[in-house]
Amino acid sequence: MKKNYNHKKIEKIVQKQWKKKNYFKTIENYKLKKYYCLSMIPYPSGYLHIGHVRNYTIGDIIARYKRLNNKNVLHPIGWDAFGLPAENAALKNNLDPHTWTKKNIKYMKKQLKKLGISYDWNKEITTCDPKYYKWEQWLFLKLYKKKLVYKKKSIVNWCPNDKTVLANEQVIQNKCWRCNTIIKNKYISQWFIKTKKYAKQLLNDLKYLNNWPENVKNMQKQWIGKSKGIKITLKINEFKYKIKIYTNNKFKSILKTICISISKTHKIIKNIKKINNKIKNLIKILKKKQNKKYLGFNTKINAINPINNKLIPIWITNFTEEQYNTNEIFVTNENKIQDIFIKKYKLQNKKKLNNKCLSKKKLKTNKLKKLFHLMKKQKLIKKKINYKIKDWVISRQRFWGVPIPIIKFKKSIIPVKNKELPVLLPKNDNDIKNNLKKNVKWKTYILNNKYATRETDTFDTFLESSWYYARCTSPNYKKSIFNKKKANYWLPIDTYIGGIEHATMHLIYFRLIHKIMKDMNLLKNKEPAKTIICQGMVLSDTFYFIEKNKKKWINFSNIKKNKKNKFFIFKDNKKIEIIYDGINKMSKSKNNGVNPNEIIKKYGADTLRLFIIFSAPIEKNLYWIEDGINGCFKFIKKLWKIVLNFRKIKIPKNNIKNKNLKNIKYLLNKLIYDVTNIIKQKLYLNTAISKIMKFIKHIKHHNIKEQNSYIFFKKCINTLLIILYPFIPHISFYLWHKMKNKKNIDKIKWPKISKKQLKQEINIQIAIQINGKTRKKINIKNTYNKNKIILKIYKLNLLKNYFVNKNKIKNIIYIKNKVINFVIK
RNA sequence: ACCGAAAUGGUGAAAUUGGUAAACACAGUUGACUCAAAAUCAACCGAUAAAAAAUCAUGCCGGUUCGAAUCCGGCUUUCGGUACCA
C-alpha cells in the first residue's frame with residue numbers, strides 16, 4: 001500500500017473489478033424483494049455536465065444502499081437520443097445525426113463509467129435504435145385503433161425563408177435564429193393524443209402519490225386545471241344561431257360581461273362571413289399578427305344577454321384559443337389579460353352602461369334564480385367540469401425522430417401493418433433540413449398499384465421518454481413492447497430521480513402513457529412511480545456576444561474580467577466585449593456547462609461525487625462554484641490516512657480494558673441511525689456527510705492502547721467504510737480490502753442500529769432562557785426531569801443577574817433536552 | 001402575466017413537527033513543521049465594542065406567541081416551468 005492516496009489508480013482497479021465480476025447485473029428472481037431505482041435518462045448532447053453528475057450520483061447512492069439492504073435492485077440507464085440538438089449539430093457540421101448521436105453516446109457512456117455509477121449495462125436502451133422505436137410505433141397503432149389519437153390543424157412557428165417549422169427555442173424575439181427572418185404562423189395538420197380524456201384520472205390519482213413532493217403535485221394540479229362551471233347557450237341577434245360558452249363564474253356574472261371573444265377558427269365565423277364581407281381579410285390580418293399581444297376586432301355581431309336582453313358584442317381575438325384553450329369566452333375586466341384587451345380597445349364605457357342597467361332594474365336574486373332554473377329546464381344552461389390541460393400534439397416536422405407509421409392516400413389514411421414495423425428512419429439522408437418530406441424514395445408507398453405516401457412527420461421526443469421506464473425491465477424483448485411478467489415484477493418504479501424542470505410536462509406525459517398502457521392491460525399499477533425525487537438544477541453564469549445579429553454563447557471558463565468589471569474574451573487576437581446573461585441552468589444550448597472530466601482527472605470521481613452531494617441539499621438549485629471541492633478531497637485523504645495508520649498498529653496483547661468507550665460507542669450507533677434515516681427517508685444527503693465528517697474528526701486522534709479499544713476502533717473504520725460506500729464507492733471498496741475483510745463490500749449488510757443504546761444516559765447541554773432569550777447554558781444528564789433541572793439552576797444561582805425574587809416568575813416552560821424558559825413579568 | 005420554489009456570515013450551508021442561529025466545510029488570519037513551497041497539524045474566524053457585560057443579526061414591512069430562520073398577511077429580488085430545448 002503506497003503512502004499517498006492515488007485516486008487514478010484506485011478508481012481504475014476498482015472499476016475493473018466491477019466490470020470483470022459483473023457486479024451490478026440485475027437478478028431476475030421473482031422471489032426476492034425488488035427495488036427499481038431510475039434516474040431520468042440523459043439526452044446525449046455531447047458530454048455529461050454537472051447536473052447529470054448530480055442526478056446519477058443520487059440514483060447511485062440509493063441503488064447501492066438498497067443492495068446492502070437485501071433488495072434486488074434494478075438500476076438501468078439509457079439514452080433519450082432523438083431530438084432537436086442532433087439536427088442542429090448535423091446541419092452545422094454537415095454530419096448525419098446518427099453519427100453525431102452515436103459519438104456522443106460513446107463519450108458519455110465512458111464518463112458514466114468513470115463516475116462509477118452502478119448500472120447494469122446489459123439493460124441499456126437507446127431510443128433512436130429501431131429495436132426500441134419499433135415498439136413506440138406499435139403503441140401508436142394501438143392508440144390509433146382505440147381512437148385515442150386524432151388529426152387536427154394547429155399553429156406552428158414558420159420561417160418563410162428557410163421554409164421550416166421552428167421550435168419555440170429557435171424563435172428569438174419573433175425572428176428565426178438562423179436567418180433572422182420574421183417568423184409567421186402557419187396552420188398545419190397535426191397528430192394529437194386525447195389527453196383531456198385522462199384529465200380526471202391524472203388529477204384524482206395524485207392522491208395516491210404520497211411520496212411525491214407536494215410542489216410537484218401542486219404544479220400538476222394547476223396544469224390540469226380543473227374548474228367547475230356552467231355552459232350557457234346564448235342566442236345571436238343578427239341570425240339564427242346559438243353560441244355555447246363555458247364560464248366558471250356564477251350565472252349572474254354574465255351581467256359583468258363586456259364582450260364575447262371568439263377564436264379565428266370558431267364555427268360561427270361561417271355565418272358571420274355571410275353578413276360581414278370584411279371578416280375574411282380581418283382574419284388574415286389576425287393570423288399574420290399572431291405574435292402581437294391581445295389583438296382583436298369587432299364582428300358587429302351580437303349575442304343576447306339572457307338576463308337583461310341587452311346585446312353583447314362579439315369580437316374575434318388572437319388570444320382566446322391560445323390563452324384559454326377554448327373557442328369562446330366571456331370577457332370581463334376582472335381578469336388581468338382581458339382587462340388589458342378591454343383597455344386597449346377602450347371597451348370600458350360599455351361596462352359602465354351595463355352596470356347602470358343593473359342598478360336601474362335592481363334585479364333581485366329570486367328573479368335570477370327563477371331564470372336560472374328555467375334556462376336549466378330548457379337545457380340552455382348545463383353544469384360542466386372543465387380542464388385546462390390540452391390534448392398533446394405528438395407530431396413534429398423534423399427528421400431526427402421516430403417516423404409515424406401511417407400511409408396517406410389522396411383522401412384517406414391507413415395505419416402501417418404491424419408486420420411492416422419498424423418504419424425505419426432512412427440513413428445518410430442528405431436533406432434533413434427539409435425533413436422526410438423531400439425524400440421521395442423513402443416516402444413513396446405503393447399498395448395494390450395505388451400510389452401513396454408515408455407520413456413524413458416524426459414523434460415528439462417526449463413520447464420516447466414516456467414509456468422507456470417499462471422497456472428498461474426487458475430492453476431486448478422481441479415479442480412485444482416489453483415482457484409483461486418482468487414489467488409487472490419491477491414496476492412501479494420505487495424511486496424516480498430527475499430535475500425539477502420536468503415537474504409538469506414530462507411527468508404528466510409519463511403518467512398519461514402509463515395509464516393508457518394500463519388500460520391496454522399491459523401493466524397492473526395505477527401509477528408508474530411511487531417516489532419522485534426532484535433535484536434542483538445546477539446553474540452557472542452565462543455569457544454571449546452578438547455576431548451577425550446572432551447570439552454566440554461563450555462558456556464562463558473562457559471569460560476574463562477587466563478592472564471596470566466588464567467581461568471580454570480574445571478571439572483571433574481581438575478583444576471582444578461579452579454580455580452577461582445572468583445565472584441559468586446548465587445546458588448545451590447556452591454553453592454554460594462544466595465537463596466533469598477535468599475534475600475527475602484532478603481529484604477523482606469519489607471527490608466529485610462527494611462534493612456534488614455535500615455542496616447543497618439535493619432539492620435546491622446549486623450555483624456551480626468549484627471552490628469547496630478541495631475540502632472533500634482532503635476528507636478522502638484523511639480517511640485514507642486513518643486506514644493506513646491503523647494497519648501499522650499491532651493488536652495490543654495486554655488485558656487492560658478501556659472503560660471510556662461508552663460515549664464513543666453511543667456516537668457510532670447514533671451516526672448509523674442518522675445516516676440510515678437520511679438515505680431511507682429524508683434524503684438530506686449533505687447532512688449525512690457532515691455527520692460522518694464530524695464523527696471522523698472525533699475519532700481521528702483516538703489512542704489505541706487497549707485490546708478492546710483496538711477492536712472497537714476497527715469496528716468504527718469498517719462501519720464508516722460501509723456507510724460511506726454509497727457516496728464514495730471506489731475508495732470504500734479499496735480500503736475495505738485493505739482492512740483485510742474477506743467478502744467484498746458490495747456483499748456486506750448495512751450496519752444494524754441498537755435501539756437500546758440510543759436510549760442510553762448521556763451528558764447534554766441545554767439553554768436557560770428568560771422570556772425566550774438565551775442567557776446561560778447548563779450541563780445536565782438527558783434523564784433529568786424539569787424539577788431536577790430547576791433545582792440545579794437555583795443551587796448554582798445561575799439567574800442572579802436577571803431577576804430579584806422568585807415571585808416575579810410567571811411560568812417555567814421546559815422543552816425536553818433543549819430549553820428551559822423562565823417567563824417573567 | 002400565471003403556476004412552483006428560493007433568499008441565513010466573505011462563500012457553500014446547518015438548525016425538517018415553533019425551542020440554544022451559524023453544525024459541517026471552503027476561503028482567510030496566525031502559529032508548528034520546512035532552506036522554501038506544497039502537503040499536514042493546531043488556534044482564531046457574524047457585526048458593534050479594548051475587553052467583559054451587552055446590544056444587533058436569518059431579503060423588506062407588519063402580525064401571532066413565553067419563544068419565529070421556521071406560522072400568518074403584505075411586498076422585493078432571483079431561479080424553474082408556461083405545452084416544439086430536453
Side-chain angles (χ1 to χ4, degrees), chain A residues 4 40 42-43 45 80 82-85 88 156-157 165-171 190 195 213-216 218-223 225 293 323 325 335-337 340 389-393 395-398 460-462 465 498-506 508-509 534 536-537 539 582-585 587-590 611 614-617 619-623 625-632 634-635 637-638 641 682 684 686-687 689-694 697 701 765-777 801 810-824:
Chain A
N4 292 325
M40 288 178 191
Y43 175 79
S45 59
D80 184 16
F82 277 130
L84 195 61
N88 293 332
V156 291
N157 306 312
V165 175
L166 296 177
N168 291 341
E169 203 188 46
Q170 296 173 308
V171 179
Q190 300 272 41
T195 315
E214 284 305 317
N215 58 340
V216 174
N218 207 353
M219 274 189 256
Q220 295 213 349
K221 197 179 154 190
Q222 305 289 344
W223 187 271
K293 273 197 172 169
Q323 289 283 338
N325 190 27
N335 178 298
K336 276 183 185 168
I337 293 174
I340 294 169
I389 194 169
K390 296 177 194 173
D391 282 346
W392 173 15
V393 189
S395 48
R396 297 287 182 271
Q397 294 66 50
R398 304 202 193 291
D460 175 8
T461 57
F462 267 124
S465 54
I500 185 71
E501 70 269 29
H502 294 297
T504 43
M505 298 183 67
H506 166 62
I508 282 193
Y509 297 144
C534 280
M537 272 146 311
L539 313 170
I583 300 163
N584 290 280
K585 76 165 172 176
S587 71
K588 179 98 179 168
S589 61
K590 289 198 172 172
F611 177 58
F614 180 59
S615 284
E619 76 284 355
K620 213 178 157 182
N621 285 350
L622 174 65
Y623 172 64
I625 304 174
E626 224 175 284
D627 284 355
I629 200 159
N630 199 30
C632 291
K634 265 176 20 190
F635 170 77
K637 282 198 278 190
K638 223 179 264 175
K641 225 174 167 181
K682 300 172 185 170
Y684 309 133
N686 54 331
T687 64
I689 292 167
S690 54
K691 280 180 171 138
I692 296 171
M693 282 176 171
K694 200 174 178 180
K697 217 175 171 183
H701 298 299
Q765 193 179 57
I766 66 161
I768 303 170
Q769 296 187 333
I770 290 162
N771 288 342
K773 267 193 176 178
T774 304
R775 297 293 177 180
K776 290 267 159 129
K777 283 168 189 178
N801 291 332
K810 231 165 79 181
N811 196 4
I812 301 171
I813 297 161
Y814 175 55
I815 306 298
K816 208 186 171 210
N817 295 344
K818 285 189 172 157
V819 161
I820 184 147
N821 185 16
F822 292 83
V823 184
I824 292 166

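Letters go in sequence order (proteins before strands), and every chain restarts at 1. Because the structure is a prediction, the values reported are computed rather than measured.
A donor and an acceptor atom sit less than 3.5 Å apart, one in the side chain of A:N821 and one in the base of B:C66. If you check distances only, the side chain of A:Q170 never reaches the base of B:C85 with a donor-acceptor pair under 3.5 Å.
Searching all strands for a Watson-Crick or G-U wobble partner of B:U77 with both distances below 3.5 Å returns B:A6. Under the Watson-Crick and G-U wobble criteria, each requiring two contacts below 3.5 Å, nucleotide B:U17 is left unpaired. In this entry B:A1 has B:U82 as its Watson-Crick or G-U wobble partner, both defining distances falling under 3.5 Å. Using Watson-Crick or G-U wobble geometry with both donor-acceptor distances under 3.5 Å, B:U64 finds no partner in any strand shown. Remark: B:A69 base-pairs with no nucleotide in the shown strands. Criterion, Watson-Crick or G-U wobble with two distances under 3.5 Å.
If A:K682 and A:W392 are placed on RNA chain B by their nearest nucleotide, the residue sitting closer to the 5' end is A:K682. Nearest-nucleotide positions on RNA chain B place A:S615 closer to the 5' end than the other of A:S615 and A:N817.
Taking the C1' atom of each, B:G63 and B:C3 are spaced 27 Å apart, rounded to whole Å. The separation of B:U77 from B:G67, taken at their P atoms, amounts to 33 Å, rounded to a whole angstrom. B:A23 and B:G10 have their P atoms separated by 14 Å, with the value rounded to a whole Å. Comparing the P positions of B:A22 and B:G74 gives an interatomic distance of 32 Å, to the nearest angstrom. Nucleotides B:U34 and B:U29 place their P atoms 22 Å apart, quoted to the nearest Å. Using P as the reference atom, B:A38 and B:A6 are 42 Å apart when rounded to the nearest Å. Taking the P atoms as reference points, B:A53 lies 32 Å from B:C41, given to the whole Å. A gap of 8 Å separates the C1' atoms of B:A21 and B:A69, to the nearest Å.
Using a 4.5 Å cut-off on side-chain heavy atoms (C-beta onward), A:F635 and A:I692 make contact.
The nearest pair of heavy atoms linking A:I766 to A:Y814 is CD1-CE1, 4.1 Å. Across all non-hydrogen atoms, the minimal contact from A:F614 to A:S690 is CE1-CB, 4.0 Å.
As a whole-Å value, the separation of A:Y509 OH from B:G81 P is 14 Å. Between the OH atom of A:Y684 and the P atom of B:U17 there is a distance of 7 Å, rounded to whole Å. Regarding A:F635, its CZ atom lies at a distance of 12 Å from the P atom of B:C26, rounded to whole Å. A:I815 places its CD1 atom 12 Å from the C1' atom of B:U17, with the value rounded to the nearest Å. Between the NE2 atom of A:H506 and the P atom of B:G4 there is a distance of 21 Å, given to the nearest Å. Atom CG of A:D627 is separated from atom P of B:A25 by 17 Å (rounded to the nearest Å). In this entry the distance linking NZ of A:K390 with P of B:A83 reads 7 Å, nearest Å. Here B:A23 presents its C1' atom at 9 Å from NZ of A:K691, a figure rounded to the nearest Å.
Look at A:N218 and you'll find a side-chain N or O under 4.0 angstrom from OP1 or OP2 of B:G4. Phosphate contact (OP1/OP2 of B:C85, side-chain N/O of A:R398, threshold under 4.0 Å): absent. Between A:N686 and B:A14 there is a side-chain N or O to OP1 or OP2 distance below 4.0 Å. Contact annotation: A:T774 reaches the phosphate of B:A21 (side-chain N/O to OP1 or OP2, under 4.0 Å). Distances shorter than 4.0 Å separate some side-chain N or O of A:K585 from OP1 or OP2 on B:G81. Distances shorter than 4.0 Å separate some side-chain N or O of A:K773 from OP1 or OP2 on B:C56. Contact between the side-chain N/O atoms of A:K590 and the OP1/OP2 oxygens of B:C85 is not found at any separation under 4.0 Å. In this structure, A:K776 does not reach the B:U20 phosphate: none of its side-chain N or O atoms is under 4.0 Å from OP1 or OP2.
Listed nucleotides B:C24, B:A5, B:U82 differ in distance to A:N215; the shortest reach to its side chain belongs to B:A5. Side chain of A:L84, nearest nucleotide from B:C79, B:U20, B:A86: B:A86. Listed candidates were B:C79, B:G19, B:A23. Nearest to the side chain of A:Q769 is B:G19.
Listed for the A:N821 side chain is a donor-acceptor partner under 3.5 Å among the backbone atoms of A:N771. Side-chain atoms of A:D460 do not come within 3.5 Å of backbone N or O of A:S395 as any donor-acceptor pair. Between the side chain of A:D80 and the backbone N or O of A:Y43, no donor-acceptor pair lies under 3.5 Å.
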Original post:
So A:M219 and A:I500, side-chain contact (heavy atoms from CB on, under 4.5 Å) or not? Walk me through it.
Top reply: CA-CA 11 Å; A:M219 274 189 256; A:I500 185 71; 4.1 Å; yes
field: Test log, rule side-chain contact (heavy atoms from CB on, under 4.5 Å), inputs A:N157 and A:Q170
entry: CA-CA 9 Å; A:N157 306 312; A:Q170 296 173 308; over 6 Å; no
